[in-house]
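Order of listing sets the numbers, starting from 1, for every ligand and every atom in it.
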Amino acid sequence: MLNVLYCMFIDTHCHLNFAAFDGKVEDIVDEAKKDGVNQIIVPGTDIPTSEKAIEIAEKHEGVYAAVGIHPHHIFEIYNKTRVSVLSTATPPLEPLAIFEKQKPSLYLKQIKDIEKLMSNPKVVAIGEVGIDRHIYQKTKYPDYKIEEEFVELQKIFLIEQIKLAHKYKKSLILHNREAKKDILEILTNSGLRITDYRSVFHCCEPDLELLNFAKENKMFIGVDGDIAYYKEKQEWIKRVPLEMLVLETDSPYLSPAREFPNVPKNIPIIAEFVAKLKGVSIEQVEKQTTENARRLFKINDK
Ligand SMILES: [Zn+2]
Ligand SMILES: [Zn+2]
């Protein structure tokens, strides 16, 4: 417990909708509020977790939802698409032709399902969406691998979901893992960029090019509990202006003490690390990051 008087922190990225929190959400939200973390954004990673995010947000004051399909989970659609088309097409289709052919039945349906959730008043953003080239050790997909066709499908989903954010005037939570080039290419070329402080590079990799892009385009940078031990990120965060930072736990992952599950009440610990690294007071970090998060998601103090 930190020795400060908190008024208000916001956890801008917390998966209360994941199985790790089944049956415990009530207590975790209460504990977070006791420690001054009064507002929480819950991002979806597929259709069921997006629906769950809304369900949780509807039950709790100060909790908001984001809806979207995470690039990792596009693998499921990618796999289904390949199997169903490759087995019927002669001669075999090119990858993009496969997606094109499947568009009406598979991926368009997923996008439509996300769109149906957009009008809920507790939905503040599209997220988390993006590009991910990481080879996960732990994944529910036994044959998970990164093929270029898979990344192409991730790009299509990202573009379609950014379009929804524009259409419904919602904010954007971007997930990028080891795919800076791809994601910047889309944000640069597609004309879909969401600027004006309405988008965030969540759990941002310590990278100057990403920071400069965010600066130029008026985007926020999300910082997590790995700031406690990730040396490169510690150095990099010193260069990120406080006016660009939002705090997030990415619970149940990325606990500052490497425990599982991480919980939203750990936000002040992240704030304390940021304050020390930047040589400012924790109150300053609290005040500025809360103001930033409200601007990002267009939420007020209730
Ligand atoms: Zn993420
Ligand atoms: Zn996440």
Quick one: do Glu185 and Lys181 make a salt bridge, cutoff under 4.0 Å?
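Judged by the 4.0 Å cut-off on N to carboxylate O distance, Glu185 and Lys181 do form a salt bridge.
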
So does Lys52 pair up with Glu55, basic N to acidic O under 4.0 Å?
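No, no charged N to carboxylate O under 4.0 Å.
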
Report whether any nitrogen, oxygen or sulfur of His15 sits less than 2.8 Å from the Zn ion (ligand 2) (N, O or S, backbone or side chain).
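Yes - counting backbone and side chain alike, His15 has an N, O or S atom under 2.8 Å.
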
Is His13 close enough to the Zn ion (ligand 2) to have an N, O or S atom under 2.8 Å?
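Yes, within the cut-off.
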
Check whether any side-chain N or O of Gln234 sits under 3.5 Å from a backbone N or O of Ile227 as a donor-acceptor pair, and report yes or no.
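Flag set: sc Gln234 to bb Ile227 pair under 3.5 Å.
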
Kindly say whether Pro71 contributes a backbone atom to a donor-acceptor pair with the side chain of Asp132 at under 3.5 angstrom?
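No: the side chain of Asp132 does not pair with the backbone of Pro71.
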
So which of the N, O or S atoms of Asp250 lies nearest the Zn ion (ligand 2)?
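Of the nitrogen, oxygen and sulfur atoms in Asp250, the Zn ion (ligand 2) lies nearest to OD1.
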
For the Zn ion (ligand 1), which N, O or S atom of Glu128 is at the shortest distance?
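Minimum-distance N/O/S atom of Glu128 relative to the Zn ion (ligand 1) is OE1.
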
Within 6.0 angstrom of Lys155 NZ, more than 12 heavy atoms from elsewhere
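For Lys155, atom NZ is crowded (more than 12 foreign heavy atoms under 6.0 Å).
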
N/O/S atom of His175 under 2.8 Å from the Zn ion (ligand 1), yes or no?
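Yes.
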
